[in-house]
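Proteins get letters first, then strands, A, B, ... in listed order; numbering begins at 1 in each. Fair warning: this is a prediction, and the values are worked out from it, not measured in the lab.
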Amino acid sequence: MSRIQTIETRDLNKSVA
Amino acid sequence: MVHQYKLNGYNIVLDTCSGSVHAVDEVAYDIIALFPDHSREEIVSAMLDKYGHLPDVTREEVEACLDDVQALKDAGKLYTPDTFEPMAFDFKARNTVVKALCLHVAHTCNLNCQYCFASQGKYHGERALMPFEVGRQAIDFLIAHSGTRTNLEVDFFGGEPLMNWEVVKQIVAYARSQEPVHHKNFRFTLTTNGVLVDDEVIEFANREMSNVVMSLDGRKEVHDRLRKDYAGRGSYDLIVPKFQKFAKARGDKSYYIRGTFTHNNTDFTNDIFHMADLGFTELSMEPVVCAPGDPYALTEEDMPVLFAQYELLAKEMLRREKEGRGFTFYHYMLDLTHGPCIYKRISGCGSGTEYMAVTPWGELFPCHQFVNEPEYSLGNVWDGVTNEKVRDEFKLCNAYARPDCKDCWAKLYCSGGCPANAFHATGSIRGVHEQGCRLFKKRIECAVMMKVAQAQGG
């Protein structure tokens, strides 16, 4: 099992577009 | 830029420039802290020294975790470099439109709240009511300067706006008449102390106001201590039944019960819980804005108490949510997947550019907290913005405007903070309201923790 859980978020770098 | 903290049993990692949030175990938490400045072998050795006694912490496990961290970095979700700063300085060239006006329909009030930032509604000036002609011109100004934007916001504010209620209704009717002509949609907000709320106000507001903000400080003894009428009588018993009726009648329309906490009630979560126990579910509670020497001003000694209160609030909200009696606290509302884009996060609240306050005589200011500060007069609703120097100062007052904030993990959450609070605390809109900044960071940590807890079903 991974020791890191990434919570879904809006990617600020992608929002530049 | 990465921010790591532990709260309520969760180990949380925020990646500032991607917006990513990670919940990690103790080993990953330590690896992420060491990763930028230590070699792979140094990290493996340190982890085995610290955690090697645990059955699931082997060299292979630590190596696998290091691979995961590297993969997140490669995917732009950890240690993301800050490439946004050049965008911040393009903002002066951006063609902004006016989205919202705060109409000061009454510079007078029927309460005499001791802590009022607006000096009992008069904003350090004379008592005044906005004539309909000024309100109509303000609506015309907003339409003319809103570009192609459809949704326009107008907040009826004061003082106490219900003291000029007939004009409020006239302004609403005029704005509605202009909607089909200009293809606009007005969303109105009413902010009230509740004294003059009656069935007619409730009916009209529920038909026309997208949001209603009702001022209540919480427990009766707390509310009545500072929110008195001119005869010195507390207003709690008068307004609470009216607000309960108002909130119930709102149906699915927005409202907020909005309180202020001071040095007198640093246990402010008890006031929030009191609001919830009165049946209100949409709540907001703000630190008092006042001069440092005021008797109710928050002090340095209050800060650790307030931090603990914010944590207590987050934990209690999670508990009540599980029990099916949850409530909303404005500053803990985070939509991690559909929150503001990077442009919004850099540019901030919009004061002075997209949002302005209009005095009863039609003068424009960057927001309600700058009203009657002569050097911040922007113009008026007839001639528009004539003080372009101040407007441009606000255009450039953003998350990258303050040297003190350059290396702060929270700058894309707070957008550099409130210019008005900075101005009143430091004399410059580019200053830092240090106390407000620290409280903000604690609130964000709590709000993100709640999101992590909800994601993990906790």
Side-chain angles (χ1 to χ4, degrees), chain A, chain B residues 10-32 47 51 56-57 61-62 64-69 71-72 75-78 80-84 87 334-346 412-413 448-449 451-456:
Chain A
M1 194 183 87
S2 175
R3 297 175 182 277
I4 302 173
Q5 178 191 7
T6 296
I7 312 296
E8 187 186 0
T9 56
R10 184 179 192 182
D11 188 321
L12 293 181
N13 275 299
K14 287 182 180 170
S15 79
V16 171
Chain B
Y10 298 100
N11 302 322
I12 298 171
V13 180
L14 305 182
D15 188 52
T16 294
C17 292
S18 68
S20 298
V21 176
H22 310 282
V24 304
D25 74 358
E26 294 284 347
V27 175
Y29 190 85
D30 286 355
I31 287 176
I32 288 169
M47 291 303 98
Y51 298 108
D56 65 337
V57 182
E61 276 288 328
V62 174
C65 189
L66 275 162
D67 291 342
D68 288 345
V69 170
L72 286 170
K77 293 178 181 296
L78 204 54
T80 307
D82 186 345
T83 57
F84 302 135
M87 291 164 55
L334 283 186
D335 187 336
L336 294 179
T337 53
H338 296 94
C341 67
I342 186 60
Y343 298 93
K344 181 68 177 173
R345 287 185 180 225
I346 290 173
L412 294 179
Y413 290 95
V448 172
M449 180 278 286
K451 287 295 178 189
V452 169
Q454 287 158 346
Q456 297 193 349

Interface residue of largest heavy-atom contact number with chain A, from Asp56(B), Asp68(B), Val13(B), under 4.5 Å: Asp56(B)
Closest approach of Phe84(B) to Ile346(B) (non-hydrogen atoms, all atoms of both residues): CB-CD1, 3.9 Å
Under 4.5 Å from any heavy atom of chain A - which part of Leu72(B): side chain
Proximal component of Ile31(B), with respect to chain A [non-hydrogen, under 4.5 Å]: neither
Close side-chain approach of Asp82(B) and Thr16(B), heavy atoms under 4.5 Å: no
Arg3(A) CZ to Leu66(B) CG distance, which is reported to the nearest 0.5 Å: 10.5 Å
Steps toward side-chain contact (heavy atoms from CB on, under 4.5 Å) verdict (Tyr51(B), Val62(B)): CA-CA 10 Å; Tyr51(B) 298 108; Val62(B) 174; over 6 Å; no
Under 4.5 Å from a heavy atom of chain A, the part of Asp15(B) involved: neither
Max heavy-atom pair count under 4.5 Å with chain A, selected residue of Ala28(B), Ser18(B), Cys65(B): Ser18(B)
Tyr29(B) to Ile12(B) - nearest heavy-atom pair and separation: CE1-O, 3.9 Å
Chain A contact via Val21(B) - which portion, at a heavy-atom distance below 4.5 Å: both
side-chain hydrogen bond (donor to acceptor under 3.5 Å, both in side chains) contacts touching residues 6-17 of chain A (sequence neighbours left out): Thr6(A)-His22(B)
Which of Val24(B), Leu78(B), Asn11(B), Thr83(B) touches chain A most, by non-hydrogen pairs under 4.5 Å: Val24(B)
